[in-house]
There are 2 protein chains.
Amino acid sequence: MSVKISMKDVAKEAGVSVSTVSRVLNNGKYVTDETKNKVNTAVKKLNYRPNVIARGLRTQKTNSVGLILPDITNEFFGKLAKSIEEKLNEHNINLLLCNSNENPKIEKNYIEALLDKSVDGLIFISSGFDENLDLFPEDLPVVVIDRRPSADRNIYFISSENKKGGYLATKHLIENGCRDILMLKDEKLVSPMNERLLGYQAALRDYNIDFRPEYIIKSKIDLKEIKEKILKIHNKIKFDGIFAGADRLAIGAIRTLSKLGYQIPADIQIVGFDNIPFAKYYNPSITTIAQQIDKIGHKSAELIIELINNKNMGQADSFYFPVYLIKRESTT
Amino acid sequence: MSVKISMKDVAKEAGVSVSTVSRVLNNGKYVTDETKNKVNTAVKKLNYRPNVIARGLRTQKTNSVGLILPDITNEFFGKLAKSIEEKLNEHNINLLLCNSNENPKIEKNYIEALLDKSVDGLIFISSGFDENLDLFPEDLPVVVIDRRPSADRNIYFISSENKKGGYLATKHLIENGCRDILMLKDEKLVSPMNERLLGYQAALRDYNIDFRPEYIIKSKIDLKEIKEKILKIHNKIKFDGIFAGADRLAIGAIRTLSKLGYQIPADIQIVGFDNIPFAKYYNPSITTIAQQIDKIGHKSAELIIELINNKNMGQADSFYFPVYLIKRESTT
DNA sequence: TTGAAAGCGCTAACAG
DNA sequence: CTGTTAGCGCTTTCAA
């Protein structure tokens with residue numbers, strides 16, 4: 001079975017020329033039903049499958065899209081990847097997935113590899129090193145998600161209403177009686193977390209609570225590191241509420257504080273961000289800000305497809321998806 | 001910048017022929033250092049990058065490997081994908097990732113798409129529908145992970161010592177005093193869970209405890225479904241220990257039982273499987289059987305590379321990686 | 001050591 | 001409506 005069948009074989013079998021076979025396979029315009037049948041029969045009989053490499057060489061299209069993201073094991077990116085892939089698959093577009101591991105060097109290699117592979121478009125979640133954006137050719141369809149490029153590039157961007165999320169979380173804590181509210185965030189300079197921080201600050205301001213920089217706790221989004229940070233500050237700073245910029249941070253915090261003897265939410269209330277599946281099943285379950293990951297993923301896929309089919313869409317747009325608070329046991 | 005540079009341009013710039021350029025780029029054999037220099041200079045100057053599509057058409061190699069797995073948002077598969085990708089990346093091989101979503105139909109489409117793309121090899125985690133294995137051409141390098149194909153195919157297979165894991169978990173519970181031990185497993189007929197079940201049964205036998213089929217609780221690996229199952233049986237069946245075939249199942253069970261008022265581990269002890277990152281940070285932290293996912297991933301990648309480079313490796317092997325128990329708070 | 005030329009499998013003018 | 005032909009960019013004989 002392993003002998004490769006080409007269009008030539010089909011053409012011979014059907015008694016027509018290769019171009020006719022090609023026509024039938026591609027759109028069927030200008031072909032009699034009879035020839036069409038002959039060709040289709042031959043295709044079936046020989047079990048012919050077009051060689052997409054050859055087609056790609058000729059058409060300069062590969063029907064593939066690259067996705068570069070920082071870490072597939074992070075449930076946010078994992079779900080995003082899944083929903084993007086789902087949508088692309090509906091359109092018979094393949095996804096080339098690349099983990100940059102938050103490493104600009106690896107990210108650069110991947111961008112180049114994907115360009116070499118002639119992907120039709122690129123969906124990009126930055127590791128935070130904006131210079132890599134310069135690697136994209138002008139005419140390559142690109143959609144950036146989640147982490148906004150700081151430079152004033154004319155680029156499509158999709159994310160959640162992060163600032164609003166930070167505001168909602170903080171407001172919820174304040175209205176529940178918290179006055180000394182920590183924020184847990186990552187260390188990135190440019191990231192959705194900074195928007196969340198802005199929301200946090202805005203809420204404090206609206207409720208006439210002073211913002212204190214030492215209440216911002218920075219940590220990688222890593223259970224172990226956040227544990228160490230909490231241990232380090234819990235008896236130096238007095239606090240009755242925590243806005244964690246990611247559910248992972250919330251989990252690390254809850255676990256650590258519980259071990260220290262604090263009651264959640266009686267002593268300390270906590271709000272997370274992302275609504276990862278475990279948030280609902282943690283002990284206690286975690287109040288969190290939900291992002292509509294599926295919508296973001298599907299929109300990205302749809303947008304990249306649109307850009308591929310119609311490269312001149314003019315001024316690039318940004319899209320921000322709504323977030324909402326889900327009340328659970330970690331707040332009163 | 002967006003004008004595509006081809007070998008022709010480089011040849012012209014360097015004042016040599018395309019075949020010489022090709023030689024320099026590929027191995028540099030039979031070329032004077034002088035010509036080599038001229039070519040390399042031209043390559044740099046023009047910022048030339050070879051067109052991998054054209055090369056693929058010519059050489060029938062694509063330097064890419066397909067990975068089909070059931071669900072990237074499952075942390076086990078996510079980590080696996082990451083470690084596979086890592087290793088392949090070291091060898092400049094690209095990974096085409098496909099989510100079958102546990103759906104044989106989608107899986108079939110992906111297999112065909114990957115074959116069409118002329119991937120050099122395929123790493124495969126089955127959705128459980130063995131017929132799809134028949135789609136692989138005889139001469140395609142294939143490595144199957146985790147879910148063993150039932151048929152007697154001559155195929156490379158890699159997984160953990162699942163039976164031993166089930167044994168260790170159950171033994172631990174028994175030695176901690178449990179006598180009525182539930183096992184939580186998925187509903188798949190062919191899967192690592194069945195090996196784990198065998199280990200569970202073996203341990204019961206070794207300790208002279210009767211195996212009772214009604215103590216096997218079947219559920220999708222889904223927090224919500226396991227919750228429903230637990231609610232349904234907790235006052236029908238008396239039990240003092242649970243071996244959960246996956247940490248997700250353990251989490252669903254712990255959460256549900258806690259809400260019902262049971263103390264973990266005082267009333268009921270629980271052992272999970274996989275050692276997902278959250279296992280350590282759950283409340284209570286979860287005793288679990290750890291798989292060496294990185295080793296499995298790296299081995300798969302190395303193996304597929306070997307198979308690609310040397311297709312006739314004769315009789316296919318199987319590899320089983322050790323597992324071990326990590327003691328945490330969910331058992332005494 | 002180098003160059004000319006064929007051809008991988010396909011699509012897209014162009015001619016008929 | 002169909003066939004002939006050129007050529008996408010590269011590698012690989014073959015001849016020089």
Side-chain angles (χ1 to χ4, degrees), chain A residues 2-43 46-64 92 113 115-120 137, chain B residues 2-43 46-64 92 113 115-120 137:
Chain A
S2 232
V3 194
K4 265 295 179 188
I5 311 272
S6 79
M7 253 174 65
K8 225 194 240 169
D9 304 308
V10 178
K12 197 195 285 177
E13 173 73 28
V16 297
S17 74
V18 277
S19 42
T20 300
V21 176
S22 174
R23 264 184 225 108
V24 174
L25 261 41
N26 287 309
N27 50 41
K29 223 31 189 159
Y30 307 121
V31 192
T32 26
D33 286 351
E34 197 196 328
T35 357
K36 235 182 266 188
N37 281 335
K38 278 195 292 186
V39 170
N40 286 137
T41 313
V43 164
L46 299 179
N47 207 351
Y48 168 72
R49 309 223 78 201
N51 179 323
V52 300
I53 309 261
R55 183 181 280 169
L57 179 59
R58 181 63 229 237
T59 59
Q60 310 288 8
K61 283 202 52 175
T62 55
N63 282 313
S64 63
N92 289 311
L115 293 177
D116 286 351
K117 289 235 158 198
S118 304
V119 289
D120 298 335
Chain B
S2 229
V3 194
K4 264 294 177 190
I5 314 266
S6 78
M7 255 174 63
K8 223 195 241 165
D9 304 308
V10 178
K12 198 195 283 176
E13 175 71 30
V16 297
S17 74
V18 276
S19 34
T20 300
V21 176
S22 174
R23 263 183 225 108
V24 173
L25 262 41
N26 286 312
N27 49 41
K29 225 28 189 160
Y30 307 122
V31 192
T32 25
D33 285 352
E34 198 195 330
T35 357
K36 237 183 260 185
N37 280 335
K38 280 195 291 188
V39 170
N40 287 136
T41 314
V43 164
L46 299 179
N47 207 351
Y48 168 73
R49 310 222 79 202
N51 179 323
V52 300
I53 308 262
R55 183 179 282 171
L57 179 59
R58 184 58 228 238
T59 60
Q60 309 288 7
K61 282 202 51 172
T62 55
N63 282 313
S64 62
N92 289 312
L115 294 177
D116 287 351
K117 289 234 159 201
S118 306
V119 290
D120 298 334

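Every heavy atom of this structure was used, including side-chain atoms; hydrogens, water molecules and symmetry mates were not. Convention: sequence-line order gives letters A, B, ...; per-chain numbering from 1.
- Rounding to whole angstrom units, CZ of residue B:Arg23 and P of D:dC10 are separated by 15 Å.
- Contacts of A:Val16 with the nucleic acid, taken as non-hydrogen atoms under 4.0 Å apart, involve only primed sugar atoms and P, OP1 or OP2.
- Residues B:Asp9 and B:Lys12 are not paired through a salt bridge, judged by the lack of any N-O separation under 4.0 Å between the basic side chain and the carboxylate.
- We find that NZ of B:Lys8 is positioned 13 Å from C1' of C:dA5, with the value rounded to whole Å.
- For B:Met7, the side-chain atoms get nearest to D:dT11 when compared with the rest of C:dT2, C:dC10, D:dT11.
- Summarising the geometry, the separation between CD on A:Gln60 and P on D:dC8 is reported as 9 Å, rounded to the nearest angstrom.
- For the residue pair A:Thr62 and A:Lys117, the shortest heavy atom distance occurs at CG2-O, 3.7 Å.
- Looking only at side-chain heavy atoms (C-beta outward), A:Ser6 and A:Asn51 stay at 4.5 Å or farther from each other.
- Under 3.5 Å, the side chains of B:Ser19 and B:Ser22 contain no donor-acceptor pair of N or O atoms.
- The distance from atom CZ of A:Arg49 to atom C1' of C:dC10 is 16 Å, rounded to the nearest whole Å.
- As a whole-Å value, the separation of A:Lys61 NZ from D:dC8 C1' is 16 Å.
- Among the protein residues, A:Thr59 comes within range of the sugar-phosphate backbone only, with heavy atoms under 4.0 Å from sugar or phosphate atoms but none that close to a base.
- Of the residues near DNA chain C, A:Asn51 and B:Thr35, the one whose nearest nucleotide (by heavy atom distance) lies more toward the 5' end is B:Thr35.
- Taking the side chain of B:Ser6 as heavy atoms from C-beta on, and the options D:dC10, C:dT1, D:dT12, the nearest nucleotide is D:dC10.
- With rounding to whole Å, A:Arg58 atom CZ is found 8 Å from C:dA13 atom P.
- Counting non-hydrogen atoms of other residues, nucleotides and ligands closer than 6.0 Å to NZ of B:Lys8 gives a total of 12 or fewer.
- Applying the 3.5 Å distance criterion, the base of D:dT4 shares a donor-acceptor pair with the side chain of A:Ser19.
- The distance from atom CD1 of A:Ile53 to atom P of D:dC10 is 14 Å, rounded to the nearest whole Å.
- Within the 4.0 Å cut-off from OP1 or OP2 of D:dT2, not a single side-chain nitrogen or oxygen of A:Thr20 is found.
- For the pair A:Asn26 CG and C:dA13 C1', the computed distance is 15 Å after rounding to whole Å.
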